[in-house]
Amino acid sequence: MTGTQRRGRRIMMTPHERDAFLAEQRTCRVATVGADGTPHVGALWFAWDGTALWLYSITRSKRWAQLRGNPRIAAVVDDGHGYDELRGVELTGSVAVVGEVPRTGDTCAELDVPERLFATKYFGLDRMPHDGRHAWLRLVPDAVVSWDFRKMTG
């Protein structure tokens, strides 16, 4: 997944660094494209399981409507204030809906891990609370690009 990153290899995160970074960060920005080609970017909470980025999105959102027509997205998670502190990960690919829409908590083994990760990360709970307004999108990225400017020298 990250082995094909050619530009910026010197500042690229290792898989372990990337996984730790995605586990600690709380917000990603997700870009979708409407039928007329107009881009839309919105912030979302997410869970990373080491393979997939799990997005918990409101099903009545512009994002959700756009993804029904075109499931391709780009997601960016970044951090840092000063130039030499900047780091981030960009993940691109197509999302798949997992579980019922909207999510009410029906048994879905595929959601056991992401819901546990998400509930712990954002709510400090062992179980996922469901509001009947959100549903899960899974992005198994086609490409991952990362950077950590703290690795630059001189």
Side-chain angles (χ1 to χ4, degrees), residues 1-98 103 110-111 113-126 128-129 131 133-154:
M1 180 164 45
T2 59
T4 59
Q5 181 175 339
R6 292 196 303 252
R7 295 177 62 195
R9 284 187 198 165
R10 191 169 51 118
I11 60 170
M12 182 172 98
M13 292 182 192
T14 66
H16 176 75
E17 291 168 338
R18 179 203 61 220
D19 291 348
F21 177 77
L22 291 173
E24 74 184 24
Q25 296 300 311
R26 294 183 55 87
T27 307
C28 69
R29 284 176 290 286
V30 175
T32 57
V33 179
D36 66 354
T38 303
H40 171 70
V41 178
L44 276 179
W45 284 352
F46 68 95
W48 172 253
D49 68 5
T51 303
L53 190 71
W54 293 88
L55 306 164
Y56 199 53
S57 178
I58 292 178
T59 61
R60 291 183 146 192
S61 65
K62 182 175 187 174
R63 170 187 320 101
W64 196 270
Q66 288 180 332
L67 289 171
R68 284 190 299 169
N70 180 354
R72 295 174 39 212
I73 70 167
V76 173
V77 180
D78 60 349
D79 188 38
H81 297 288
Y83 183 79
D84 60 346
E85 299 171 340
L86 298 177
R87 58 192 179 134
V89 178
E90 178 190 37
L91 307 101
T92 57
S94 295
V95 294
V97 176
V98 179
R103 180 84 171 123
E110 194 172 3
L111 292 174
V113 170
E115 286 193 342
R116 181 182 43 77
L117 292 169
F118 195 90
T120 301
K121 184 177 187 176
Y122 296 103
F123 306 117
L125 301 172
D126 294 333
M128 183 74 184
D131 62 9
R133 296 175 42 220
H134 290 78
W136 286 102
L137 299 166
R138 179 189 62 220
L139 170 63
V140 177
D142 295 330
V144 177
V145 177
S146 65
W147 58 94
D148 186 345
F149 285 16
R150 300 173 308 169
K151 293 181 175 188
M152 292 190 308
T153 59

Rounded to the nearest 0.5 Å, how far does [atom2] of [Y] lie from [atom1] of [X]?
X    : Y    : atom1 : atom2 : answer
L86  : M152 : CG    : CE    : 8.0 Å
M13  : R150 : CE    : CZ    : 7.0 Å
L53  : L22  : CG    : CG    : 7.0 Å
T59  : R133 : OG1   : CZ    : 8.5 Å
D148 : T14  : CG    : OG1   : 9.5 Å

Exercise for the section: Quick one: do D49 and L117 satisfy side chain to side chain contact (heavy atoms under 4.5 Å, CB included)? Show the steps, please. Expected result: CA-CA 8 Å; D49 68 5; L117 292 169; 4.1 Å; yes
Practice task
Taking side chain to side chain contact (heavy atoms under 4.5 Å, CB included) as the test, write out the residues that go with V98, two or more places apart.
Solution key: W54, C108, E110, L111, R138
Validation row: [X], [Y] side chains within 4.5 angstrom (heavy atoms):
X    : Y    : value
V89  : V76  : no
M128 : R103 : no
W48  : L91  : yes

Is there a donor-acceptor pair under 3.5 Å between the side chain of [X] and the backbone N or O of [Y]?
X    : Y   : result
Y122 : F46 : yes
K62  : H40 : no
S61  : I58 : yes

Exercise for the section: Any pair with a residue in residues 64-90 that passes ring-ring contact (aromatic ring centres under 6.0 Å, His included), sequence neighbours left out, goes on the list, sorted by first then second residue, please. Expected result: Y83-F149
Closest approach of [X] to [Y] (non-hydrogen atoms, all atoms of both residues):
X   : Y    : answer
S94 : D142 : N-OD2, 4.3 Å
S57 : L44  : CA-CD2, 4.2 Å
T92 : A74  : CG2-CB, 3.7 Å
A47 : P114 : CB-O, 4.0 Å
E90 : W147 : N-CZ3, 3.9 Å
A52 : V140 : CB-CG2, 4.0 Å

Run the side-chain donor-acceptor check on residues 26-37: report pairs under 3.5 Å with partners two or more places apart or on a different chain.
from	atom 1	to	atom 2	distance (Å)
R26	NH1	K121	O	2.9
R29	NH2	D78	OD1	2.3
R29	NH2	D78	OD2	2.9
T32	OG1	Q66	OE1	2.4
D36	OD1	T38	N	2.9
D36	OD1	T38	OG1	2.9
D36	OD2	T38	OG1	3.1

Practice task
Report the relative orientation of the aromatic rings in F118 and W136; use parallel for angles under 30°, tilted for 30 to 60°, perpendicular for over 60°.
Solution key: perpendicular
Problem - For E85, salt bridge (charged side-chain N to carboxylate O under 4.0 Å, His left out) partners two or more places apart - result: none
Exercise for the section: Report the residues that fulfil salt bridge (charged side-chain N to carboxylate O under 4.0 Å, His left out) with R116, sequence neighbours left out, ordered by chain and then residue number. Expected result: none
Problem - Counterpart residues, ring pair (Phe, Tyr, Trp, His ring centres under 6.0 Å), relative to F123 (two or more places apart) - result: none
Problem - Residues, nucleotides or ligands: over 12 heavy atoms within 6.0 Å of D131 CG - result: yes
Exercise for the section: Any chance you could lay out the side chain to side chain contact (heavy atoms under 4.5 Å, CB included) test for D79 and F21, step after step, and finish with the verdict? Expected result: CA-CA 9 Å; D79 188 38; F21 177 77; 3.9 Å; yes
Practice task
In plain terms, say whether R87 and E17 are close enough for a salt bridge, that is, a side-chain N and a carboxylate O under 4.0 Å apart.
Solution key: no
Problem - Check: S146/R18 side-chain N/O donor and acceptor closer than 3.5 Å - result: no
